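Report on the structure given below.
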Amino acid sequence: MSIIEKAINKLENEKGRQALLDGKGSEEHASEKSKVAGAVEKSDGVDDDVLVSTSSADANDLENKEPTERPRSSEGDPEYGEHQGPRTIHQLPLQAMSECGMITPLKPRSQIADEYRAIKRPLLTNIKNKDINSLDNANLIMVASALPGEGKTFCAINLAMSIATEQDKTVLLVDADVTKATAAEHLGISDQCPGLIDLLDDSTLSFSDVLVHTNIPKLRVLPVGKLHEHATELLASDNMRKMMKELSERYSDRVIIFDSPPLLVTTEATVLASLVGQVVFVVAANQSSQSAVEEAVQHIGDDKVVGLVLNKVKKNPLSAHGYGYGYGYGYGYGNGARRNSHYRSSATNN
């Protein structure tokens, strides 16, 4: 006999005897039986605070599902700090992202997905070997460019989406372009959402107050937040350094990707570069000048690992696999050791 049947039988015996004494009707008796059965079923089920991932489901289900809410434990979020109330799961506009050439579960074996598999591998290797190479903050990765319009946001989103498919990694994409934030917009997140700047400026906010959970189970997003006239000072503040340190050290499986402002346009990018361990520098084919790239790289510290991605590469019609021609080189210094990485991207979108 199941636990549900035992509970119902026990209730029937007790309520049956009581009904003879006080004349209560059978409707109330039946209602009590339903309550017991429901309570027992809930106790045997999955914890409401556990997000169940159905990786075998059709990818279109992710696109078409309505936004959902998931209750949170009174003890707070084990990943990002205490926060009461329901958690909203943001539904990424996967179909629109796919049409723009971005990586999505809708096309897991697309050309762009294969290219970013090659791009992310040396970055993840550096994270794995950070102690061997004496590389600080290896899991903090900044995606930057010399000037606007070279495709850094496109690359940052694709890199985050690609790493989110790893079995042992979770990804936090931070929209840190405080002058012209567009990463959250591409992901369908309102520009009215609080984010990074609000977190640095308001001590009453916690990480979980501004963090956006998505329907990609291993992807979180931190929007840029409100415009602020002292954004540079906030990025250079002790609060920012403490936050970066916690992000880097608290969870070993977390990779944090920062969509940075252009290095030659703002001072915020230089401040951010001083806090990360790796930099993905985006160069637009037939657009970025050599002098601009060389000048921008000077703003990055010599202790960083820097990998260059050639973006907006036209497809080579002679290639049997349809890949465009791309190349890259990486360099960095840590205890005098030179590190080389080779990345490739033939992405054609910003």
Side-chain angles (χ1 to χ4, degrees), residues 47 49-51 53 70 72-85 87-90 120 123-143 156 159-176 183-184 193-214 216-225 234-260 271-280 303-305 334:
D47 188 342
D49 197 47
V50 177
L51 179 62
S53 172
R70 176 162 65 92
R72 308 179 83 172
S73 166
S74 60
E75 296 178 359
D77 189 331
E79 278 192 293
Y80 298 103
E82 185 174 346
H83 181 71
Q84 304 291 333
R87 172 189 297 159
T88 299
I89 306 300
H90 174 70
K120 72 180 176 182
L123 297 168
L124 297 178
T125 299
N126 286 334
I127 294 173
K128 182 178 180 180
N129 299 330
K130 63 179 182 178
D131 294 331
I132 298 175
N133 297 325
S134 300
L135 180 61
D136 294 331
N137 300 331
N139 59 337
L140 304 183
I141 302 172
M142 168 179 159
V143 181
L159 183 59
M161 293 291 289
S162 183
I163 295 179
T165 64
E166 294 288 312
Q167 295 297 312
D168 58 348
K169 298 295 179 186
T170 59
V171 183
L172 172 61
L173 176 61
V174 181
D175 192 350
C193 287
L196 175 63
I197 296 302
D198 304 273
L199 186 63
L200 296 175
D201 189 43
D202 186 350
S203 61
T204 65
L205 289 177
S206 67
F207 217 112
S208 56
D209 292 327
V210 296
L211 195 68
V212 177
H213 292 254
T214 75
I216 303 297
K218 293 186 177 182
L219 175 66
R220 311 285 190 270
V221 180
L222 179 61
V224 69
L234 288 173
L235 290 180
S237 66
D238 287 339
N239 285 342
M240 181 66 173
R241 295 181 184 278
K242 290 177 182 177
M243 185 189 75
M244 297 284 273
K245 181 178 177 62
E246 181 176 3
L247 288 174
S248 178
E249 298 179 355
R250 186 171 181 182
Y251 301 102
S252 60
D253 68 335
R254 179 189 291 163
V255 180
I256 301 91
I257 299 173
F258 296 87
D259 180 24
S260 161
V271 172
L272 187 59
S274 69
L275 302 175
V276 303
Q278 302 191 76
V279 178
V280 174
D303 60 334
K304 313 300 178 186
V305 172

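None of the values given here were measured: they were computed from a predicted structure.
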> Is Thr165 reaching over with its side chain to a backbone N or O of Ser162, donor-acceptor style, under 3.5 angstrom?
Replying inline: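 The answer is yes, because a donor-acceptor pair under 3.5 Å joins these two groups.
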
> Can you tell me if Lys218 uses its side chain to pair, donor with acceptor, with the backbone of Ile163 under 3.5 Å?
Replying inline: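 No: the side chain of Lys218 does not pair with the backbone of Ile163.
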
Quick one: pull up [atom1] in [X] and [atom2] in [Y] and give me the separation to the nearest 0.5 Å.
X	Y	atom1	atom2	result
Leu222	Leu211	CG	CG	6.5 Å
Ser274	Arg241	OG	CZ	5.0 Å
Met240	Leu196	CE	CG	5.0 Å
Asn129	Leu124	CG	CG	11.0 Å
Arg220	Thr214	CZ	OG1	7.0 Å
Leu219	Met161	CG	CE	6.5 Å

>> Go through it in stages, so that I can follow the logic: the residues are Leu140 and Ile256, the test is side-chain contact (heavy atoms from CB on, under 4.5 Å), and I'd like the CA-CA distance, side-chain angles, deciding distance and then a yes or no.
In response: CA-CA 5 Å; Leu140 304 183; Ile256 301 91; 3.6 Å; yes

Could you pull out the closest heavy-atom pair between [X] and [Y], with the gap in Å?
X	Y	answer
Arg254	Asn139	O-ND2, 3.1 Å
Ile127	Ala138	CG1-O, 3.4 Å
His90	Val212	CB-CG1, 3.6 Å
Ala184	Asp175	N-OD2, 3.3 Å
Lys120	Glu166	NZ-OE2, 2.7 Å
Leu275	Leu235	CD1-O, 3.9 Å

>> Going by the rule side-chain hydrogen bond (donor to acceptor under 3.5 Å, both in side chains), which residues pair with Asp198 if we only count those two or more places apart in sequence or in a different chain?
In response: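 Counting only residues at least two positions away or on another chain, Asp198 forms no side-chain hydrogen bond (donor to acceptor under 3.5 Å, both in side chains).
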
Can you tell if the side chain of [X] reaches within under 4.5 Å of the side chain of [Y], non-hydrogen atoms only?
X	Y	result
Lys304	Met142	no
Asp253	Asp168	no
Val171	Ile216	no

>> Run the side-chain contact (heavy atoms from CB on, under 4.5 Å) test on Leu123 and Leu159 for me, step by step, so that the C-alpha distance in whole Å, both residues' side-chain angles and the decisive distance to 0.1 Å come before the verdict.
In response: CA-CA 10 Å; Leu123 297 168; Leu159 183 59; 3.9 Å; yes

